[in-house]
Amino acid sequence: MKKELLFAFAAFFFMSLSAITGVYAVEEANMLENVIVKEQMDVTGDGKLDTIYVKGEPFEEGAIFLRTITLEVLSATGKSHKINLEGGYEPRIDFKDLNNDGIKDLFLAVNTGGSGGLTNHYLYTVKNDLLTDITVPEPLVIQTSFLNGYKANMTIENTNESYQFDLRDRAKDYERLGLYHNGKLNEPAELMVLPFGTLKPVKVSGNQIGLKGSQRISGAYNADSIAYVESSWLYENGKWKLLDTNVMELRKNTTKKKK
């Protein structure tokens with residue numbers, strides 16, 4: 001009898017210990033997940049305020065980098081929508097009607113922390129309490145190549161516009177790196193074309209709000225910045241329409257070629 005009681009007591013003890021450990025684990029997880037943003041905004045279109053959270057779990061206690069980021073929308077009806085995003089730094093949210101349906105959408109930007117200064121962007125609508133990923137426009141498709149004589153060519157495939165860069169002021173650096181020898185390319189080489197470093201909601205056509213993005217073009221290495229290519233976009237008929245592009249060279253030696 002005593003042995004049976006001993007076994008029963010031991011089983012109860014370990015079950016209790018397991019339950020307590022589980023509670024502490026949940027509490028610890030909740031403590032790690034911080035509310036980065038809390039906003040109230042009608043994003044469903046019913047005229048009532050919904051609550052929007054952006055939460056992040058640090059890589060470790062005190063760390064700036066967030067290993068997980070969560071977007072959570074609690075609508076006025078009590079329905080909850082949750083989306084897991086990629087980790088990063090400084091998540092931020094903007095409420096703009098980017099698909100032009102009269103209801104504010106949720107536009108998020110998260111710094112990746114990479115050396116290229118890149119940012120991940122997300123766009124969602126919760127119209128009629130239904131979560132939909134609108135997605136953001138794809139970066140411009142840009143083809144590049146170094147040319148003999150310390151020059152480089154760039155063509156934006158979306159518009160079929162070509163530009164030529166005069167890079168003679170970098171000749172000494174390029175020769176030292178082995179990219180050129182006496183002004184002649186040692187082998188075919190391309191410039192570095194980065195995706196959107198920034199993508200921001202702006203007025204692009206009258207009172208219509210679209211997105212304006214910027215992509216950096218670098219030469220022989222990441223810090224060898226040559227130009228920024230801006231593009232403006234408007235969401236029409238369920239897809240993004242490219243309105244215009246603008247090439248801003250950092251040293252003003254660009255020649256635009258005819259189509």
Side-chain angles (χ1 to χ4, degrees), residues 15-16 18-114 118-138 195-196 198-202 208-211 213 233-240:
M15 289 175 63
S16 300
S18 177
I20 293 172
T21 303
V23 169
Y24 277 122
V26 171
E27 289 180 351
E28 184 179 359
N30 289 336
M31 288 175 63
L32 283 174
E33 190 174 47
N34 300 323
V35 175
I36 312 299
V37 177
K38 179 183 178 182
E39 297 280 355
Q40 287 194 305
M41 184 76 59
D42 177 20
V43 293
T44 61
D46 61 1
K48 300 177 182 178
L49 291 178
D50 310 298
T51 305
I52 298 93
Y53 296 95
V54 178
K55 301 177 181 179
E57 180 186 343
F59 184 75
E60 58 185 16
E61 188 175 355
I64 300 175
F65 180 80
L66 304 172
R67 84 166 82 211
T68 62
I69 298 174
T70 304
L71 169 66
E72 186 174 355
V73 180
L74 182 61
S75 69
T77 63
K79 190 174 181 179
S80 178
H81 308 275
K82 186 179 289 188
I83 306 165
N84 295 321
L85 310 177
E86 292 186 39
Y89 297 85
E90 302 174 345
R92 50 207 178 275
I93 188 168
D94 204 351
F95 300 96
K96 301 290 184 183
D97 180 16
L98 285 164
N99 63 352
N100 298 295
D101 63 355
I103 300 171
K104 292 185 183 298
D105 306 308
L106 295 83
F107 177 76
L108 295 97
V110 181
N111 297 339
T112 66
L118 302 181
T119 305
N120 289 326
H121 302 92
Y122 308 89
L123 180 59
Y124 300 96
T125 175
V126 200
K127 182 179 180 180
N128 298 328
D129 225 350
L130 297 173
L131 177 67
T132 304
D133 184 356
I134 302 177
T135 71
V136 296
E138 292 290 330
F196 289 127
T198 61
L199 191 64
K200 299 179 179 179
V202 296
Q208 290 184 304
I209 299 177
L211 291 171
W233 306 81
L234 181 65
Y235 196 80
E236 284 187 342
N237 301 318
K239 61 182 180 180
W240 288 102

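Scope of the values below: all heavy atoms of this structure, side chains included, with no hydrogens, waters or symmetry mates.
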Self-check item: Where Pro195 and Leu118 come nearest, the two heavy atoms and their spacing
Solution: CG-CD1, 3.8 Å
Quiz item: Under the side chain to side chain contact (heavy atoms under 4.5 Å, CB included) criterion, do Asn111 and Arg92 qualify, and how do the steps go?
Solution: CA-CA 9 Å; Asn111 297 339; Arg92 50 207 178 275; 3.0 Å; yes
Quiz prompt | Nearest non-hydrogen partners of Leu98 and Pro201, listed with the distance | solution = CD2-CB, 4.3 Å
Quiz item: For Gln40, does the CD atom sit with more than 12 other heavy atoms under 6.0 Å from it, leaving out its own atoms?
Solution: yes
Quiz item: Nearest 0.5 Å, what's the CG-OG distance between Leu130 and Ser75?
Solution: 10.0 Å
Self-check item: Any donor-acceptor pair under 3.5 Å from Asp105 side chain to Asn99 backbone
Solution: yes
Quiz item: What heavy-atom pair brings Ile69 and Gly88 nearest, and what distance separates the two atoms?
Solution: CD1-N, 3.8 Å
Quiz item: Counting only N and O atoms by type, is there a donor-acceptor contact under 3.5 Å from the side chain of Asn84 to the main-chain atoms of Glu86?
Solution: no
Quiz item: Rounded to the nearest 0.5 Å, what separation is found between the NZ atom of Lys79 and the CG atom of Leu131?
Solution: 9.0 Å
Practice problem: Evaluate the side-chain proximity of Thr132 to Lys127: yes if any heavy-atom separation is below 4.5 Å, no if none is. | Solution: no
Quiz item: Which heavy atom of Leu211 sits nearest a heavy atom of Pro137, and at what distance?
Solution: CD1-CD, 3.6 Å
Self-check item: Heavy-atom pair of closest approach, residues Phe59 and Arg67
Solution: O-NH2, 2.6 Å
Exercise. Indicate the atoms forming the closest heavy-atom contact of Asn34 with Pro58, along with that distance.
Key: ND2-CG, 3.7 Å
Practice problem: Nearest 0.5 Å please: distance from the NZ atom of Lys104 over to the NZ atom of Lys96. | Solution: 6.5 Å
Exercise. Please check if the side chain of Trp240 supplies one atom and the backbone of Thr135 the other of a donor-acceptor pair under 3.5 Å.
Key: yes
Practice problem: Inspect the surroundings of CZ in Phe65 and state if more than 12 heavy atoms from other residues, nucleotides or ligands are less than 6.0 Å away. | Solution: yes
Quiz item: With no hydrogens and no angle check, is any side-chain donor or acceptor of Asn120 less than 3.5 Å from a backbone partner on Val110?
Solution: no
Practice problem: Can you measure from CD1 (Ile93) to CD (Glu39) and round to the nearest 0.5 angstrom? | Solution: 7.5 Å
Quiz prompt | Interatomic spacing from CG in Leu74 to CG in Leu49 - rounded to 0.5 Å | solution = 12.0 Å
Quiz item: Any side-chain heavy atom of Thr119 sitting closer than 4.5 Å to one from Leu199?
Solution: no
Practice problem: Using modelled atom types only, decide if a donor and an acceptor are shared between the side chain of Asp101 and the backbone of Ile103 within a distance under 3.5 Å. | Solution: yes
Exercise. Check whether any side-chain heavy atom of Val37 sits under 4.5 Å from a side-chain heavy atom of Pro91, and report yes or no.
Key: no
Quiz item: Out of curiosity, Tyr124 OH to Leu106 CG, how far, rounded to the nearest 0.5 Å?
Solution: 9.5 Å
Self-check item: Identified side-chain hydrogen bond (donor to acceptor under 3.5 Å, both in side chains) counterpart of Thr77 within the set Asp50, Thr44, Asp129, Asp46
Solution: Asp129
Quiz item: Looking at side-chain heavy atoms only, is the closest gap between Leu123 and Tyr235 below 4.5 Å?
Solution: no
